[in-house]
Protein chains: 2
Amino acid sequence: MTDATRTARPLRRDAERNRQRIIEAAREVFAARGVAATLDDVARQAGVGIGTVYRRFPTKEALLEVALEEKLREQVRVAEAALEAPTGWDGLTMFLRAAVRMQAADRGLRDLALGAELSLTLYDRIRERVEPPITALVERAQSEKSLRPDITVHDVPLLLMMVTEIAHHSHQVRPDLHDRYLQLLIDGLRRSESAGALGRPPSSDDVDAVAKAWLPSAAARR
Amino acid sequence: MTDATRTARPLRRDAERNRQRIIEAAREVFAARGVAATLDDVARQAGVGIGTVYRRFPTKEALLEVALEEKLREQVRVAEAALEAPTGWDGLTMFLRAAVRMQAADRGLRDLALGAELSLTLYDRIRERVEPPITALVERAQSEKSLRPDITVHDVPLLLMMVTEIAHHSHQVRPDLHDRYLQLLIDGLRRSESAGALGRPPSSDDVDAVAKAWLPSAAARR
DNA sequence: AGCAACCGGAGGTGGGTGCTCAACTTATCC
DNA sequence: GGATAAGTTGAGCACCCACCTCCGGTTGCT
């Protein structure tokens with residue numbers, strides 16, 4: 001019953017230093033290039049050999065998890081904090097803006113938020129803590145007659161995908177450009193008599209399928 | 001001064017038949033996989049050898065141009081037809097819906113419309129015939145007080161990119177899903193007192209830069 | 001029949017990725 | 001100040017994919 005990580009002897013000092021360097025480098029590299037970045041990239045950025053990276057982190061997934069766990073938790077915190085907003089509409093738009101800001105600044109975070117090759121247990125743990133607050137906000141905003149009634153929680157990931165996609169392609173040229181289109185979408189979310197019909201909303205499975213098809217690895221595969 | 005294509009002797013019958021097969025196959029393959037599709041894919045689909053494709057079309061670009069020229073012209077026609085609409089708003093939304101419908105059904109068309117590796121002369125010829133009608137529609141819809149005033153022509157390509165991106169990733173699962181988000185954006189385009197500020201619009205150069213970064217080849221390169 | 005035109009597709013070329021391992025270096029402990 | 005385990009390194013292997021060439025064999029045309 002002894003926990004493996006607890007009984008493990010501490011790393012030698014140079015090894016521990018390299019481990020930190022690798023994590024730091026991973027944060028930068030994954031932020032810039034997303035989960036598609038190679039561990040060679042990380043090693044070069046960290047100033048260590050590739051072998052060192054592989055010794056410390058058996059898979060890219062393991063490194064991703066360590067490098068981005070904190071930011072993933074932050075996303076949960078943002079969703080929960082949005083519940084404190086005075087209105088459902090404020091909370092929902094606050095969450096959208098915060099999530100876009102974070103994911104626009106870190107492509108790896110965005111890839112993970114879409115469900116990319118993360119340890120499923122951690123991913124599910126995050127997702128199951130983000131969905132309930134957002135569901136609550138959507139319902140509250142609809143009962144307050146500010147959010148249009150034909151929107152569901154499952155639209156939220158799709159909105160984020162669209163906007164962060166713009167963000168990543170325009171980041172070099174106009175790092176703020178995506179805000180323009182997020183605002184346009186937010187204005188489209190407002191209840192209004194002039195709004196057109198939206199058609200059938202995505203199911204939870206639809207969202208998963210789209211996210212999977214959107215990920216870099218899927219694109220490379222076909 | 002003799003035109004090379006005019007003085008060229010006609011192809012042998014089997015060669016002409018294969019040429020047509022290749023063009024037909026190219027239309028299917030590029031529609032499904034976009035400009036990233038390989039000429040090997042096209043050859044397999046056409047039931048001919050790769051060598052045959054390369055003899056007939058020295059580069060992928062040449063084949064793309066022949067395979068998609070008609071659809072590109074159709075895009076121009078759609079833009080011009082939108083001018084006939086009763087109001088600027090109707091014309092603009094008609095154009096958006098038509099452009100999205102066509103580009104969602106043909107990924108290659110979408111890639112070319114974004115400016116992917118097409119012979120520059122043809123590309124510019126298309127663009128310079130699409131922009132004026134859209135500019136006119138935007139201005140008309142704004143003077144009619146239906147389109148919000150902080151939108152410019154250069155927003156149109158970005159809107160198309162976002163929506164067609166969703167279209168391509170959701171096509172397998174829910175071929176109509178992108179319409180939902182196009183409608184949301186269209187509702188966001190309507191003039192309204194509750195609309196938020198949009199920030200600085202993209203310049204023409206910004207659009208080019210974003211489109212370039214969005215293309216499959218650019219993603220592979222870095 | 002004879003010959004130019006045409007076809008096919010194996011394979012050369014060039015690029016990239018994920019990962020290993022044997023030779024070397026360094027921290028730590030007595 | 002050794003002895004030793006722990007750590008490091010990066011060339012190199014295995015693999016995959018895309019573009020394109022080349023030439024022995026085939027086919028349509030006159």
Side-chain angles (χ1 to χ4, degrees), chain A residues 4-5 7-26 29-30 32-64 108 111 116-117 215-222, chain B residues 4-5 7-26 29-30 32-65 67 108 111 116-117 215-222:
Chain A
T5 60
T7 51
R9 49 215 313 303
L11 292 174
R12 232 168 63 174
R13 198 151 65 232
D14 55 342
E16 182 56 35
R17 179 164 27 87
N18 281 339
R19 203 184 105 97
Q20 291 307 325
R21 274 190 196 164
I22 290 167
I23 294 173
E24 193 50 45
V29 169
F30 288 139
R33 300 222 223 293
V35 299
T38 70
L39 291 196
D40 294 54
D41 288 335
V42 175
R44 206 173 314 117
Q45 175 74 23
V48 305
I50 312 149
T52 307
V53 176
Y54 277 99
R55 152 184 286 279
R56 227 33 88 197
F57 302 95
T59 65
K60 200 200 295 193
E61 194 183 288
L63 178 53
L64 268 170
D111 290 346
E117 51 194 297
L215 295 171
S217 47
R221 268 182 220 124
R222 193 133 268 252
Chain B
T5 59
T7 51
R9 48 216 312 308
L11 292 174
R12 230 169 66 177
R13 199 155 63 232
D14 55 343
E16 182 56 36
R17 180 166 25 89
N18 280 339
R19 203 184 104 96
Q20 291 307 325
R21 275 191 195 162
I22 290 167
I23 294 173
E24 193 50 44
V29 169
F30 288 139
R33 302 224 224 291
V35 298
T38 70
L39 291 197
D40 294 54
D41 288 335
V42 174
R44 207 175 313 117
Q45 174 75 21
V48 305
I50 313 151
T52 306
V53 176
Y54 278 97
R55 179 152 351 83
R56 227 35 88 197
F57 302 95
T59 65
K60 200 202 286 195
E61 194 183 287
L63 178 53
L64 268 170
E65 198 165 318
D111 290 346
E117 50 193 300
L215 294 172
S217 47
R221 266 180 222 129
R222 191 125 271 247

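Just so it is clear: chains get the letters A, B, ... in the order the sequence lines come, proteins before strands, and each one is counted from 1.
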Looking only at heavy atoms, which two atoms of [X] and [Y] are closest? And how far apart?
X: A25(A); Y: Q45(A); result: CB-CG, 3.5 Å
X: K60(B); Y: A37(B); result: NZ-O, 3.0 Å
X: V35(B); Y: F30(B); result: CA-CD2, 4.4 Å
X: V53(B); Y: A43(B); result: CG2-CB, 3.7 Å

Take F57(A) and L64(A), measure what side-chain contact (heavy atoms from CB on, under 4.5 Å) needs, and give me the verdict at the end. CA-CA 9 Å; F57(A) 302 95; L64(A) 268 170; over 6 Å; no
Applying salt bridge (charged side-chain N to carboxylate O under 4.0 Å, His left out) as the test, list every pair that has at least one member in residues 44-57 of chain B; sequence neighbours left out. D41(B)-R44(B)
Counting only heavy atoms and a strict 4.0 angstrom limit, can you tell me which residues of residues 12-20 of chain A come near DNA chain D? R12(A), D14(A), A15(A), N18(A)
Between protein and nucleotides 20-23 of chain D, what N or O pairs are separated by less than 3.5 Å?
none

Contacts of A67(B) meeting side chain to side chain contact (heavy atoms under 4.5 Å, CB included) (sequence neighbours excluded), chain-then-number -> A26(B), R27(B)
Going from [atom1] on [X] to [atom2] on [Y], what distance comes out if it is rounded to the nearest 0.5 angstrom?
X: I50(B); Y: D40(B); atom1: CD1; atom2: CG; result: 4.5 Å
X: R33(A); Y: D111(A); atom1: CZ; atom2: CG; result: 13.5 Å
X: L39(A); Y: I22(A); atom1: CG; atom2: CD1; result: 9.5 Å

For the helix from dA1(C)-dT30(D) to dC30(C)-dG1(D), measure the angle between the helix axis at one end and the axis at the other, each built from five pairs, rounding to 10°. 0°
Grab the N/O contacts between the protein and nucleotides 22-24 of chain C below 3.5 Å, and write none if there aren't any.
none

Result block: side-chain N/O donor-acceptor pairs under 3.5 angstrom for residues 10-17 of chain A, not counting sequence neighbours:
residue: R12(A); atom: NE; partner: D14(A); partner atom: OD1; Å: 3.2
residue: R12(A); atom: NH2; partner: D14(A); partner atom: OD2; Å: 2.9
residue: E16(A); atom: OE2; partner: Q20(A); partner atom: NE2; Å: 3.0

Counting only side-chain nitrogens and oxygens, does T52(A) get under 4.0 Å of the OP1 or OP2 atom of dT9(D)? yes
Atom-pair distance ([atom1] on [X]; [atom2] on [N]), nearest Å:
X: I22(A); N: dG7(D); atom1: CD1; atom2: P; result: 12 Å
X: L63(B); N: dC19(D); atom1: CG; atom2: P; result: 12 Å
X: R44(A); N: dT9(D); atom1: CZ; atom2: P; result: 14 Å

